[in-house]
Amino acid sequence: MEIVIDGIPIAVEKKRIKNIYLRIRPDGTVHLSAPRGMSEAAIRSFARSRAGWIQQHRQRLQPPPPPPQYVSGEALLLWGEPYPLRVVPGDGRGTAVLREGTLFLYAGPESTRQERQAAVKSWYREQLLSAIPSVRQTCEAIVGQRAAEVRVRDMRTRWGTCSVARRRIWLSLQLVQKPPACLRCVMTHELIHLLEPSHSPRFWTLMDRFCPDWREGRRLLGGPPA
């Protein structure tokens, strides 16, 4: 038997077992073992509840894309949309400007990859900081909690963190590369920690209430920041 959840085929085998087990093989195929008496509806419900986990673990099995070199012809993401990069001779360490659907990177002819990367990250930070206030205001009104401050950090293992004691939220700089819904979902997630510090059942109940599409947001995020 096979079911499909979020476009992912899952091979299902019923056995003489008491509990349901889900595993992902090294080739990325998903296998589920279920008790013989479990209905297909119950199996689908369980698999759907684990869809985010499945997506994340399958993506970890895939080789990461090569890092950008920040040269003309590459495409860089902004809010989930790719924009062609054009490197133009300029002065200083570099500046980036989005104009008419192209990201222009003005950099000195002897600039290094690291300097061009820093210029793009500086531009990314401006875009994210510009988007945060309106998203923050909306999410705070929905959750009924206000953060003392929201900051941006180039985090590599998390999309966001919340210091409950200080009511301070940190957001990953790489959110600016994801679709806008991801920023809203992560902001809501961190604000809910002001109501429930741990990822308890109550936390996920609050996520369902305040951000019903959080599972889709998690799917779009795909996994931890690269």
Side-chain angles (χ1 to χ4, degrees), residues 5-6 46-60 62 64-65 67-68 76-82 96 98 117-118 120-226:
I5 302 295
D6 290 349
F46 173 83
R48 195 171 291 112
S49 72
R50 303 293 286 165
W53 180 87
I54 293 171
Q55 290 277 5
Q56 291 180 11
H57 281 259
R58 291 182 82 230
Q59 289 180 352
R60 288 173 185 170
Q62 300 174 358
L76 298 182
L77 293 173
L78 175 66
W79 304 124
E81 297 293 332
L98 182 62
Q117 179 187 46
V120 171
K121 283 190 174 184
S122 177
W123 178 76
Y124 270 150
R125 183 177 293 271
E126 292 174 2
Q127 307 310 305
L128 183 54
L129 289 173
S130 177
I132 284 174
S134 62
V135 175
R136 174 183 178 180
Q137 183 178 16
T138 298
C139 295
E140 287 180 336
I142 292 172
V143 177
Q145 295 290 316
R146 295 189 63 184
E149 57 182 332
V150 177
R151 298 183 179 182
V152 172
R153 178 185 291 167
D154 191 12
M155 294 186 286
R156 293 293 176 176
T157 59
R158 296 183 180 181
W159 292 109
T161 63
C162 178
S163 171
V164 176
R166 296 184 178 182
R167 303 183 72 85
R168 176 187 295 162
I169 289 174
W170 290 94
L171 299 175
S172 171
L173 176 61
Q174 295 181 67
L175 277 168
V176 76
Q177 300 179 57
K178 297 295 182 177
C182 295
L183 174 59
R184 175 177 52 81
C185 287
V186 173
M187 182 76 77
T188 303
H189 181 117
E190 302 309 330
L191 284 168
I192 289 175
H193 276 308
L194 298 176
L195 293 170
E196 176 54 60
S198 69
H199 290 129
S200 66
R202 177 173 180 257
F203 176 89
W204 297 112
T205 297
L206 292 171
M207 281 293 290
D208 285 334
R209 181 192 305 174
F210 297 131
C211 189
D213 60 342
W214 67 267
R215 293 174 181 81
E216 174 62 12
R218 185 169 63 180
R219 185 189 69 80
L220 292 172
L221 287 172

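All values reported here derive from a predicted model rather than from experimental measurement.
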Spatial distance of atom CD1 (I169) from atom OG (S163) [nearest 0.5 Å]:
10.0 Å
Quick one: ring pair (Phe, Tyr, Trp, His ring centres under 6.0 Å) partners of W214, sequence neighbours excluded?
W204
One pair to check against side-chain contact (heavy atoms from CB on, under 4.5 Å): L98 and W123. What are the steps and the verdict?
CA-CA 9 Å; L98 182 62; W123 178 76; 3.7 Å; yes
When you look at L221 and V186, which way does the side-chain contact (heavy atoms from CB on, under 4.5 Å) test go after all the steps?
CA-CA 10 Å; L221 287 172; V186 173; 3.9 Å; yes
Salt bridge present between E149 and R151 (N-O < 4.0 angstrom):
yes
Close side-chain approach of M187 to T138, heavy-atom, < 4.5 Å:
no
side-chain contact (heavy atoms from CB on, under 4.5 Å) between F203 and I192, worked out
CA-CA 7 Å; F203 176 89; I192 289 175; 3.5 Å; yes
What's the separation between atom CZ in R146 and atom SG in C139, rounded to the nearest 0.5 Å?
13.5 Å
Compare all side-chain heavy atoms of Q127 with those of L78 and state whether any distance is below 4.5 angstrom.
yes
Is a side-chain donor-acceptor pair under 3.5 Å present for E190 with T188?
no
So does A147 get a backbone contact from the side chain of E140, meaning a donor-acceptor N/O pair under 3.5 Å?
yes
Would you indicate whether the side-chain heavy atoms of R168 and T161 approach each other to under 4.5 Å?
no
Test item: W79 and L183 side chains (from C-beta on) under 4.5 Å apart, heavy atoms:
yes
I would like to know whether D154 and R125 meet salt bridge (Lys or Arg N to Asp or Glu O under 4.0 Å); could you show each step before the answer?
CA-CA 9 Å; D154 191 12; R125 183 177 293 271; over 6 Å; no
Side chains of I132 and V152 in contact at under 4.5 Å (non-hydrogen atoms):
yes
Can you tell me how far SG of C162 sits from CG of L171, rounded to the nearest 0.5 angstrom?
10.0 Å
Any side-chain donor-acceptor pair under 3.5 Å between R167 and Q145?
yes
By salt bridge (Lys or Arg N to Asp or Glu O under 4.0 Å), R153 pairs with (sequence neighbours left out) none
N/O donor to acceptor pairs below 3.5 angstrom from side-chain atoms of residues 47-54, sequence neighbours left out:
from	atom 1	to	atom 2	distance (Å)
S49	OG	F46	O	2.6
W53	NE1	H57	NE2	2.7

Check L220 against C182 and note the closest heavy-atom contact, atom names and distance.
CB-SG, 3.5 Å
How long is the span from the CD atom in E216 to the SG atom in C211, to the nearest 0.5 Å?
11.0 Å
Output, in order, the C-alpha distance, side-chain angles, deciding distance and verdict of side-chain contact (heavy atoms from CB on, under 4.5 Å) for K121 and L173.
CA-CA 8 Å; K121 283 190 174 184; L173 176 61; 4.2 Å; yes
Contact check, side chains of Y124 and L76, non-hydrogen atoms, under 4.5 Å
yes
With rounding to the nearest 0.5 Å, note down the distance linking OG in S198 to NE2 in H193.
8.0 Å
Hey, could you give me the CH2/NE2 distance between W159 and H189, rounded to the nearest 0.5 Å?
13.5 Å
Judged by atom type as modelled, is there a donor-acceptor pair below 3.5 Å linking the side chain of K178 to the main-chain atoms of G80?
no
So, R219 and D213, do they make that salt bridge, N to O below 4.0 Å?
no
